[in-house]
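Hydrogens, waters and symmetry mates are skipped; everything else that's a heavy atom, side chains included, is used.
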Amino acid sequence: MDKSKRIFLKSKRSFRRRLPPIQSGDRIDYRNMSLISRFISEQGKILSRRVNRLTLKQQRLITIAIKQARILSPLPFLNNEKQFERSESTARTTGLITRKK
């Protein structure tokens with residue numbers, strides 16, 4: 001068969017459609033911590049719209065709710081689960097060498 005006359009067939013892939021993360025009955029509000037916590041990373045950052053699979057309007061409302069929750073303090077600005085402590089082995093020395101005469 002000639003390339004110009006070749007029929008291109010779409011491969012029929014079966015895929016499972018993902019459910020939207022926010023249902024129509026969910027209320028986007030700064031007090032709804034179970035909903036808000038799904039859209040925050042482990043470091044406390046707001047996840048992007050592409051990662052969340054939200055519409056533009058939903059992402060804006062989630063962002064506003066997260067910022068309100070941070071200001072009114074039900075939600076911390078930083079996630080302090082991992083406390084970074086300096087151990088004695090990583091402490092820096094001054095590097096001064098004392099000489100004996």
Hey, can you pull the donor-acceptor pairs under 3.5 Å for the side chains in residues 59-69, sequence neighbours left out?
unit_1 : atom_1 : unit_2 : atom_2 : d
Q59    : OE1    : N52    : ND2    : 3.2
Q59    : NE2    : L47    : O      : 3.2
T63    : OG1    : Q59    : O      : 2.8

Practice item. Kindly compute the distance separating CG (D26) from CZ (R38), expressed to the nearest 0.5 Å. Key: 6.0 Å

Exercise for review: Please report the closest heavy-atom contact between I71 and F77, naming both atoms and the distance.
Suggested key: N-CZ, 4.4 Å

Revision key, fill the gap. Tightest non-hydrogen contact, residues K45 and R70, listed as CA-NH2, 4.3 Å

Check your understanding: Can you check whether D29's main-chain N or O pairs, donor with acceptor, with N32's side chain at less than 3.5 Å?
Key -> no

Point to revise | All salt bridge (Lys or Arg N to Asp or Glu O under 4.0 Å) counterparts of R49, not counting sequence neighbours | key: none

Check your understanding: Any chain of hydrophobic side-chain contacts (each under 4.5 Å) joining Y30 to I46?
Key -> no

Revision key, fill the gap. Between S34 and S37, the two heavy atoms sitting closest are O-OG, 3.2 Å

Exercise for review: To the nearest 0.5 Å, tell me how far I28 CD1 sits from K57 NZ.
Suggested key: 9.5 Å

Exercise for review: Indicate the atoms forming the closest heavy-atom contact of P21 with R53, along with that distance.
Suggested key: CD-O, 3.5 Å

